Every structure is written in C-alpha cells, then in structure tokens.
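Residue numbering restarts at 1 for every chain, and letters A, B, ... go by the order of the sequence lines. The model shown is predicted, which means the values in this text are computed figures rather than measured ones.
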Amino acid sequence: MGVTEQGLLERDKDTMTLNMGPQHPSTHGVFRVVLEMDGEIVKSAEPDIGFLHTGIEKTAENKRYIHCIPMTDRLDYLSPPQNNLAFCLTVEKLLGVKELPARADYLRVIMCELGRIGSHLVWLGTHALDIGAMTVFLYAWREREMILDLNEMISGVRMMTSYIRVGGVAKDATPEWLDGVRKFVDYFPAKVDEYESLLTNNPIWLDRTRGIGTMTKEEAVLWSMSGPVLRASGLNWDWRKRKPYSRYDEFNFEIPTQDHGDIYDRYLVRVEEMRQSREIIKQALDNLPDGPYKLEDNKISLPPRDTLHTSMESLIHHFKLVSDGVKVPKGSAYVPTEGARGEVGFYIVSDGSNTPYRVKLRAPSFMGIPGMCKMMEGAFIADVVAIIGSIDIVMGEVDR
Amino acid sequence: MIDDILNFLDPYWWLIIGVVKAVIIAVGLLSTVPLLVWLERRLMGRFQVRLGPNRVGPFGLVQPMVDAIKLLFKENIVQKSADKFLFYLAPAIVVFTAIVTFSAIPFGEPFEVGGETIGLWGANLNIGLLFIFAVSSMGIYGIVIAGFSSNNKYSLMGGLRSSAQMISYELTLGLTALCVVIMSGSLNLYDIVKSQSSMPYAIPLFPAFVLFFIAGVAETNRAPFDLPEAEQELVAGFFTEYSGMKFAMFFMGEYVNMITMSALVTVLFLGGWNSYIPGLDIPILVFAFKVFLLLCVFIWLRSTFPRIRYDRLMTFGWKILLPSSLVIMLVYSAVKVYSLSA
C-alpha cells in the first residue's frame, strides 16, 4: 500500500489519519483537528488547541482593572466591544454600581451591535469562502470596512477599540460619528439582501449546508452551545432578552430562531441577527439621550479634564485613579452577556486590591469546540470546514 | 545554391510546415495563458468590487509574466518522501496533454502559400474528436500521479477526487459530443465546423450544448467543480507539495485546458469561425471572440458559485448528467434516422 518507505496508508488499520491544521487555509486561525478518515468520510475528530496561547487570563492577575480592558479586545478579536462590555459589567457589579447614565448604556449598545454586525460579516465572508463562494467574502469585507472606519472615528483604533470602560465609555460620541453610524444603518439592509441573493436560494449553497452538522435542541444544550448555534437548534435563548443588561430591555428587537439546527439554519439565524442588530442601532440613534457618558463618581471614572486646573478634588482623584486604579471590593462576580458567538462572560474574583485575583473567561468558541467535533463525525471532509465555519470559532478566545 | 536547397527541401515541405505550425500553436497557446490569467484576475476583481492587478505594466498586463518569472527563480523543492521520477513527470504530462489536445482544433479556413495549402490547425485528423478525447483524458494521469507521488494525504485525496470526477464527467462529454457527430455525420472537426455554416449547433442541440459545457467545466477542474484542488478543504489538492516552476506548469495546464475546452465548445456548438453576421468574417478573430466569451463564462462561474461537495458531484454526474445526455443522444439519433429514411 505504501508508496515509499514512509508509507501513505498504514496497513494495520482501515482508516487514514489526516492532520488538519494548525496551518490550513480554513481552520480559522490555528485550530488543529486530527481526523480519522474512511475515504472522504470522517470517522472521528479530535481537537487540539493551544497554538495561539496568549496567557491573557494569567496576565490579567498582574494588571490593574483598567489595563485588563485592552487585553479583552484581543480575546474575541472580531467583536472586541462585546468583551470590553462583559468585563466592565462584571467589574461594575463587583463595585456595586447600580445604574449607568443612559447615554453611556446607549453608546455601549451601539458599539456592541456594530461589533456584532462586523463579526457576523467576517463570519459570513469566511464561511462562504470555506464553502467555495469567494465573492461574498469581498462583499462582506466592503461593509465591515465601514464599521472599522466608525471604530476609528470614535476610538482612534480600527479593531481593538477598548472603547467601553468601567463606569461608562472612553469618550463621548461626536455628531460626525453619529452621522456616520446613521449612514451605515441606512445603507446596510440593502447589502444584507445582496448577500442573501447570492446564497440563500443558491442550490449549491443549500446542498452544502442543509442537513449537515445537525444538532437537536437537547444536544445543543447538552454540548454547552450558545448564541446563534443554540438558537438555530430551536431554543429561544438570548441574554439580551433573558437578563437584559445595558438597557437592552428598552429596545424593540426579535430573537431569530430556526428548527433544524443545521448549518443552513445557523446561516439564516446570523443573517437575521445582522438585520436585528441594525434595528437596535437605529433605535439607539433615534432615542440617544443627552447627559454624561460615564459615571460621575470620581472614585470609578476619571473626572472631566478641564476641572483638573480648578478643583483640588478632581486633581487628587485623577492622580489616584491613574496611578493606583480602582480598588474593587472583595468578592466574585459573573455577568453573562450575549456576544456575537454566544454567551460571553468573565468570572472575576477580587481580593480587594486594584488587580483582579483571578479572571476566567467563558468563551463561546471554546465551549463550542467539543460539540463541533461531535458534529464532524460521519461528515465529509468538505463538511468539516463548513462545520468549523458555522460554529464561527475565534482562536483568540479559545487559547487565552 | 538556393535552388539546390529548395530542391533538397522539396519532399520535406510538409515536415517544415508541420514543425512551424506546431511551434506557433504551442507558443501562441502558452503566451495566451498569461493573458487569460490577467483577464481572470481583472474580471474577478470587477465582480468582487476591487481592482485586480493594475500596478505592473499598463493595466497590470505584465503581472502574470512577473509572477511566472518569480516562480521560475524559486528554489526547486522536492521533499524526501516523494517519488522523484513521478514527481517530475506529473506536471510534464499535464502540460504536454493540454497542448497536444489543442493541436487537433481547427480555427480557420486553409489558405495557399506558394502552391502549398496551409490549414489553420495543428493536424486535420479524420477522427479529430476522438483524438481530442483520447489525449485530454490522458491529462488526468498527470494529476493522479502528482497526487500519488507527493506522498501527502491531501495530495492523495485530490488525486483520487480528480480521477473519480474525470471518469464520470467524460462520459457526459462524450455522449453530448456524439449528438454533434450524429448531426454532422463526421468526426472531423473541420467538417463539423463546415456543416454549421448556416446555423451553429448550439441552437438545434441546445440541451446537449448546455450539458457539454457543464461537463466541460468539470473536466477542466474549474469552479464550482474544482474539488481536486479545493483550497479550503485540501489545502491545494494534488499540487500541495509542488512549488516553483512545477507548480506553474500545473497552473499553465489548467488554463490551457480552459482554452482548449472553450475552443472545443466553439468548434462543436458555436460554429467555429463562421460569423453568421455578413461582413464580419475574419475567421480567426471570430473564433477568438467566441473563445473569449466562453472563457468569461468560466470566470463568471468561478466568482459566483460555491463548491459542490464530492458525493454530490458524483450523484450529479451519474444520476442527472449521464442519463439526460443519454436521452438527448437517443432523441437526436432517432430524429436523424427518421430524417434519413424520410
């Protein structure tokens, strides 16, 4: 059987071991999976992670809370505001902050939903590319570019915005930025229709996605799936509705669900989510309240810059916050939020100092990997990449 | 002196003309490849709201040449575990068969120079169609050998896929081409073109034309049937381990095959160099224009469709394409028999 001395096929077994990744065009970064193949059919799949280990959770133990925020951007690097938000909400819970100014919450919501659209656009593009439709990829990139420009306008950074801070947001939104967001909101729906016209009824796309990687509602719960994967399996579960944070209860939007739990349903759910996110942004823009954009408690958020020269207290607070940071009371907290990929939440243990004692991320991609490998069993090798794409893993938050 | 040479050469004119023609066809074909690559990249750029190559030379025309030069100067890498002889042989087979296939395709009326009739084809074979099928299906050996000799599992799977694919789609290709043979009563491509002087076969044989083109796309391993080299699944399929000029040869083979397939469709179904528009009869240009249009369709398909899955490809080939082409073939033979007897 063997071609040369090394042998292509082992004689003692009927299957072929195929190593996929970490260097492979469609394992979304550095995901490695060892497939046991029978011809083109996968018998078993064993995931191997850790190639992108950054040690962010461990590093966080030596960083002040404010310094942890830029690191959370690098976890799920496709929707960074969501990680900022999950982290800040947890710290605020530990600090005992009951309510933020309405404008702060609305700006957070706009950023998070823009992040969700951006993330779903990357997913749509790469997922379609994995299945071989390369044009959708560039169309999705075109719209994502607008979101990145908006990010740059408001925070100075295109991807790792670190815009959401403990006690509010980094700076107030400018009228130009709000105009830009409105332009995007008006422009975007027609583009979603365009993606759909390329894929939704395309027979090859249907053929490649329908009935593949199926997961029933019970299985999805059992395998700790969350987010769009769970909703595609028929469970209407979204933290924005279940346990609203950041005034999500003030917005009128729907949670799309599907019944079959296959790749196609996940596709439909995510495309609809992009539309719903756009609805949320539109409402947030229409009803954006005036007022402060962060807490006025100067023990938590920096005092206004112009008061530093006139107010002794402001100067002291500024100095203490910058040099020493926020002291968070002893305790632990976890706040679940609905990220682009599912439930994102930080479990933070505080020992009362200005650095967290332990930070643990509940990453939807990480939790999705076992279920994903289960879906791969019995699938074709072409389905393997489709399944990886449909779970939408981001290795940044898997290896942390 | 010159007379002596001419006298000496007299019995060998056919040989000289043949050699010149062979060189012209091979060089012409190979120099069309960079143009086609450029066309594809520019056109795909337009489809995908981007520019495509536009930096090197006017409109980026020199880009493919520059790429080829880069590949030429790359280090020649053959991994230890590869079967060296076969590893080198595979790209040669692919390019060789691709070019030889084209030699049987006529692309214009013969003309006379100094008493010698020169046909615009490499060889006017009375079994031209059979020759093309015979040679082009040999190209698959290159792919299978590449997949096998690389000693790489991805390459192996690419090779396996392509052999399965080519075998299943060649049947459809043959059966639909048979419709043309039935209508024209000849296997000679020149005669086939001549018999379309009033109307291209694409009109009476429309179903066969469509099926032939679909099978042709599959035969050339182009999207959406590009499974043997499915980048997202098999990294690069059968040429995963190839780099430098050997890679470029596979690349070249694929594009030459595209041109050959377009030329074959033009000859069989679109009436070759017959222009059908009075006054517009520069044979070679008409032929080239038709080929160009078909190539654009190839590129258009690639930028629109996702890739078909392996098992669906086989189902589609055997359960849909083959039976329908068989039915079409039988219907046209019945029509032919009826018209002959009437």
Could you give me the CA-CA distance, side-chain angles and deciding distance for I381(A) and M157(B), then say whether side chain to side chain contact (heavy atoms under 4.5 Å, CB included) is met?
CA-CA 10 Å; I381(A) 186 164; M157(B) 291 181 78; 4.1 Å; yes

Is it true that, when you exclude [X] itself, more than 12 heavy atoms of the residues, nucleotides or ligands shown sit nearer than 6.0 Å to its [atom1]?
X       : atom1 : answer
Y77(A)  : OH    : yes
F51(A)  : CZ    : yes
F292(B) : CZ    : no
F188(A) : CZ    : yes
Y187(A) : OH    : yes

With a 4.5 angstrom heavy-atom cut-off, could you sort out which part of F305(B) is near chain A: side chain, backbone, both or neither?
both

Examine whether an atom of I388(A) lies under 4.5 Å from a heavy atom of chain B, and if so say whether it belongs to the side chain, the backbone or both; otherwise answer neither.
neither

To the nearest 0.5 Å, what is the distance between CG (D311(B)) and CD1 (I41(A))?
8.0 Å

Any chance you could measure I204(A), atom CD1, to T304(B), atom OG1, to the nearest 0.5 Å?
9.5 Å

Side chain to side chain contact (heavy atoms under 4.5 Å, CB included) between Y154(B) and L18(A), intermediate numbers included:
CA-CA 8 Å; Y154(B) 288 110; L18(A) 187 70; 3.9 Å; yes

Testing the basics here: between Y139(A) and F47(B), what is the closest heavy-atom pair and its distance to 0.1 Å?
OH-O, 2.8 Å

Smallest heavy-atom separation, Q48(B) atom then L138(A) atom, equals OE1-CD1, 2.9 Å

Are the side chain of K153(B) and the backbone N or O of M16(A) linked by a donor-acceptor pair below 3.5 Å?
no

Assess whether a salt bridge exists between R309(B) and E40(A), defined as any Lys/Arg side-chain N lying under 4.0 Å from an Asp/Glu carboxylate O.
no

Chain A shares the most heavy-atom pairs under 4.5 Å, among R50(B), M44(B), R312(B), R302(B), with R312(B)

